[in-house]
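Structure first, then comments.
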Amino acid sequence: MATAFTICLLPGDGIGPEITAEAVKVLTAIGEKHGRIFTYEEALLGGAAIDATGTALPPETLDKAKRSDAVLLAAIGGPKWDTTDPAKPRPEQGLLGIRQGLGLYANLRPVKIFDALRGASTLKPEFLEGVDMLIVRELTGGLYFGERARETGVEGAATGGGPGMRAYDTMDYREFEIERIARTAFEAARNRGGKVHSVDKANVLESSRLWREVVHRLHDEEYSDVELWDQLVDNTAMQLIRWPRQFDVMVTENMFGDILSDEASMLAGSLGMLASASLGDGTALYEPSHGSAPDIAGQGIANPLAMLLSVELMLRYSLDMHEAADELAAAIEGVLAEGWRTKDIADAETPAERIIGTAAMGDLVAGRLGA
């Protein structure tokens with residue numbers, strides 16, 4: 001009897017439904033080859049949820065996610081829902097809420113250079129040789145979850161010294177939050193190159209000084225076999241461009257990780273090539289690192305490969321289908337090696353006939369996975 005898995009699909013906004021369709025296409029091919037049955041529970045998140053229910057994370061979405069074997073999220077957000085009014089819902093609240101609701105405190109973002117795409121990066125190809133890093137980002141603490149407020153009528157806050165508005169966000173970390181994400185990074189390093197860069201701003205921030213203390217204590221007590229480097233976040237941003245192959249595992253807090261992982265995506269040439277896994281106490285969530293790209297939504301030209309690479313991570317971390325994950329990785333590599341590109345990863349030397357759309361890219365990958 002075939003093993004069955006339930007996947008919670010969150011297509012979200014913009015190009016989300018288009019790339020979700022390609023993920024289902026690829027999973028169908030994998031299921032047929034490996035004797036697995038994938039069933040899907042689709043749910044609303046982000047802007048689509050706001051339009052339908054008035055909230056970015058409806059309770060039924062979280063319920064479906066908790067009941068599933070894994071959650072596959074495409075993309076959320078867009079100008080339609082942008083607002084500076086703190087009383088109005090924003091799509092990002094749905095993303096933060098589901099991470100918190102599922103207890104997902106660790107975001108893993110592999111950054112590996114595909115040989116066929118070296119020309120798509122803005123860095124010189126020789127600087128990309130040997131780049132293979134894992135960014136481990138803390139997901140449920142820091143500025144994104146700390147105390148925040150906006151006040152009006154605050155004396156001295158306006159230009160000229162009169163009453164005006166004041167806003168604040170608090171970067172708040174507890175010892176256990178730092179220890180568990182550091183442990184995730186050290187464990188990952190033991191299975192990779194054995195080196196961790198811990199990124200903070202300890203020369204300025206008290207939360208970073210606590211971060212550094214906890215990371216070093218855990219390292220000294222349990223992971224002295226792993227090489228540990230401290231690096232300030234601003235220096236890290238520079239080093240990612242100057243010498244990216246120095247990094248094996250990078251661990252950092254929520255906002256720093258958000259920024260640095262987007263920067264690191266450009267080493268691979270596009271956010272459209274960067275997948276992620278969010279792990280923790282509950283059902284794991286997998287998503288591409290790019291946005292919803294509303295400017296190209298509905299045109300059938302979106303790059304689905306980050307979504308398919310997220311499926312690869314899901315096969316590894318949640319479904320224990322490592323052989324299928326290897327096959328999917330090889331299929332994506334093979335399609336790229338043959339010169340097939342979506343518009344975002346094509347360069348000046350890509351023949352026009354090799355630039356294809358979303359569905360065609362999905363078909364090529366799925367075709368390589370046939371039984």
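The model shown is predicted, which means the values in this text are computed figures rather than measured ones.
The aromatic rings of His219 and Phe186 lie tilted to each other, with the angle between the two planes from 30° to 60°. Relative ring orientation between Phe38 and Tyr40 is described as parallel, the plane-to-plane angle staying below 30° on a 0-90° scale split at 30° and 60°.
Looking at Leu313 and Leu108, their side chains never come closer than 4.5 Å, going by heavy atoms from C-beta outward. Side-chain contact between Tyr286 and Leu279: present, with at least one pair of heavy atoms (C-beta onward) separated by less than 4.5 Å. By the 4.5 Å heavy-atom criterion applied to side chains, Arg109 and Arg137 are counted as neighbours. Between Met314 and Ile7, the closest side-chain pair of non-hydrogen atoms falls below 4.5 Å. The shortest distance between side-chain heavy atoms of Lys201 and Met171 does not fall below 4.5 Å.
In the hydrophobic clustering of ILVMFWY residues, with side-chain heavy atoms under 4.5 Å counting as a link, Ile19 and Leu10 come out apart.
Residue Asp248 forms a side chain to side chain donor-acceptor pair (under 3.5 Å) with just one option from Arg192, His197, Lys195, and that option is Arg192. Considering Asp347, Leu305, Leu117 in turn, Leu117 is the only one that fulfils the side chain to side chain contact (heavy atoms under 4.5 Å, CB included) rule with Arg341.
Listed by chain and number, the hydrophobic cluster partners of Ile50 are Trp81, where partners are ILVMFWY side chains within reach of under 4.5 Å, directly or through others. Other members of a hydrophobic cluster containing Met165 are absent, since no ILVMFWY side chain comes under 4.5 Å of it, directly or through relayed contacts.
Judged purely by atom type and a 3.5 angstrom limit, Thr61 has no side-chain atom pairing as donor or acceptor with the backbone of Leu45.
For Ser68 and Thr6, the side-chain atoms include no donor-acceptor pair closer than 3.5 Å. Between the side chains of Thr140 and Glu138, at least one donor N or O sits under 3.5 Å from an acceptor N or O.
The pair Arg217-Glu179 counts as a salt bridge, with a side-chain nitrogen and a carboxylate oxygen less than 4.0 angstrom apart. Salt bridge annotation for Asp51-Lys80: present, with a cationic side-chain nitrogen under 4.0 angstrom from a carboxylate oxygen. The pair Arg316-Glu312 counts as a salt bridge, with a side-chain nitrogen and a carboxylate oxygen less than 4.0 angstrom apart. Look at Asp172 and Arg148 and you find no salt bridge, because none of the NZ, NE, NH1 or NH2 atoms lies under 4.0 Å from a carboxylate O. Electrostatic pairing of Asp200 and Arg209 does not count as a salt bridge here, judged by no charged N lying under 4.0 Å from a carboxylate O.
Remark: Asp225 engages Arg190 in a side-chain hydrogen bond (donor to acceptor under 3.5 Å, both in side chains) (not counting sequence neighbours).
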